[in-house]
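Note that ligands are numbered from 1 as they come in the structure, with each ligand's atoms numbered from 1 the same way. Just so it is clear, the model here is predicted, and its values are computed rather than measured.
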Amino acid sequence: MIRALHHQLVNKELSAVELTDKYLQGIHTQDSVLHAYITVTEKKAKTAARKVDEKIARGEEIGLLEGIPMSVKDNISTKGITTSCGSAMLRDYQPVYDAHVVEQLKNAGAILLGKTNMDEFGMGSTGESSYYGATKNPYHTDCVPGGSSGGGAVSVAADMAVFGLGSDTGGSVRQPASFCGVVGFKPTYGAVSRFGLIAYASSLDQIGILAKNTEDTAIVFDTVSEFDCRDATHRKRNKIATVSELQKPLTGKKIGVLKELMQGISSELEQLLLASVEVFCGLGAEVVEVSVPELALSLPVYYILACGECASNLARFDGVRYGTRTKNYDTIEEMIVNSRTEGFGFEVKQRIMMGNYFLRSVNYDNYYKKAQEGRAALCDAVKQCFEEVDMLLSPTVHTTAFPFGSLTDAVSRYKTDLCTVLANLCGLPAISIPCGYDEKGLPFGLQLMGNQFCEHTVLNFAYQYEQATGESRKPTVGGDSVGI
Ligand code: GLN
């Protein structure tokens, strides 16, 4: 898609202003229903697009991303543009700098259309915890879009951006991608700088990409993964351009189907995954079953660590150092308490409380330390898997998108992250690609997980799968008219 749009721009079949207008029009006509955006930066987008057109008119060469409209999740800093994290706490916050990824994309000439809706501070899997109201799934507006990067996934699915940036702490890029029928890619921990990403759980957070297909994902990844010394965990490596690896044949490669993540799935999903396995076999790969019994630990381990880190990271929002200050106080203690009480929503408060409970000195050994041991055991087991196979395969989520309000208790919501948290706990690159539809026409995602810093391999496998199966279908906005 990006390549085709680029050719149209270069051949003057379409101007950058026209392209930007087309996507802004998509926002105007659909977003009052879908609510994918918190802020739309229409004026800035048009100015940036005009600059690209001037460059083309002068006969200068333009890069692949120049003039391409994008969305950015509202927890990724954008200079002078509100970055709220989906929270009342940051409703007035305008960063004074751009995140590294935004800097890279701006330098590459991509056009920012706006900031996308999200679960508050990235905590959630349904989009329901946003202070600004939930985003709707474009396949069926009664259903959740997934979360926490629900706005980003919907912006891409409903043609309100060509690609989007999201963040993935436990599945927040891949899970909404699965629910909205788009590609969602979480790179290796340390492959993309987190400078300017507002932290939820720092040892798990990673900026990811939402796009219509794998090639677009690879183009964006190659741009945003440029080295940045401002994130101490960003690793300098001899980078392989993932775009140049997409065409590689899969002959002789080995895929491991994760047994534990296949248990309890519907026969509908099982059929789709078996068909995917057939596709990979047809492409020359060998498919085997692998077992990681430690996966039984992954959800409790993830939620203990994520809550612990969130309690610590969010301590800075006190109305003094960061965050909107309450108007309602007499003493400094009241000011801090009321700022936090008014600024945070229920889910965030719940997680801060759980996190502080796990981190209390009397509980630390029983929860946080044990969870760290569990994480180490999971990583050891996964390392062993990659001695045998090149890629791990599983569903992205066990279900398709479900109706709003249907998962009322926290545990059942947390369970939707079963297949995605492993990649975060072990820092692996992982992608969700559309692999079929349920009987209601809602999309399912297939997850591929590679070894650390093997984004080129993950994108290669996904691209080959896509080429063999054809691109995903386009959603129809509003109600039951799905399954075009
Ligand atoms: N659903 C998970 C959580 O609530 C993952 C969120 C994310 O990746 N940001 O923690």
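Considering only non-hydrogen atoms, atom 4 (O) of ligand 1 lies nearest to R351 out of R351, Q206, R413.
For ligand 1, the polar-atom distance check against K73 finds no nitrogen or oxygen pair separated by under 3.5 Å. Here's the thing with D417: one of its N/O atoms is less than 3.5 angstrom from an N/O atom of ligand 1. Close N/O approach between G170 and ligand 1 is found [any backbone or side-chain N/O within under 3.5 Å].
Ring-plane geometry between F461 and F280 is classed as tilted, the angle between the planes lying from 30 to 60 degrees on a 0 to 90 degree scale. Classification of the F121-F344 ring pair by plane angle, with boundaries at 30° and 60°, yields perpendicular.
Distances shorter than 4.0 angstrom occur between a heavy atom of G171 and an atom of ligand 1. Proximity of Y414 to ligand 1 is not established, as no heavy-atom distance is less than 4.0 Å.
With hydrogens and angles ignored, the 3.5 Å screen pairs no side-chain donor or acceptor of S298 with any backbone N or O of E294. Side chain of D31 to backbone of L34: no donor-acceptor contact under 3.5 angstrom is found. Between the side chain of Q452 and the backbone N or O of C426 there is at least one donor-acceptor pair closer than 3.5 Å. No donor-acceptor distance shorter than 3.5 angstrom exists from the side chain of T188 to the backbone of L428, with no hydrogens or angles considered.
Taking the six-membered ring wherever Trp is involved, the centroid distance between the rings of F402 and F179 falls below 6.0 Å.
Shown in contact with G124 at under 4.0 Å from a heavy atom are these atoms of ligand 1, numbered in order with element: 1 (N), 3 (C), 4 (O), 6 (C). Taking a cut-off of under 4.0 Å to the non-hydrogen atoms of S125, the atoms of ligand 1 that pass are 1 (N). Below 4.0 Å from some heavy atom of S148 lie the following atoms of ligand 1, by number and element: 9 (N). The ligand atoms of ligand 1 that sit less than 4.0 angstrom from a heavy atom of D168 are 8 (O). Within the listing of ligand 1, atoms 4 (O) sit less than 4.0 angstrom from a heavy atom of M123.
Between the side chains of E120 and S129, no donor N or O sits under 3.5 Å from an acceptor N or O.
Among all non-hydrogen protein atoms, the one lying nearest atom 5 (C) of ligand 1 is Y302 OH, 3.4 Å.
Exactly one residue among S167, S125, S172 makes a side-chain hydrogen bond (donor to acceptor under 3.5 Å, both in side chains) with S148. That residue is S172.
The parts of S172 lying near ligand 1 are both backbone and side chain, judged by heavy-atom distances below 4.0 Å.
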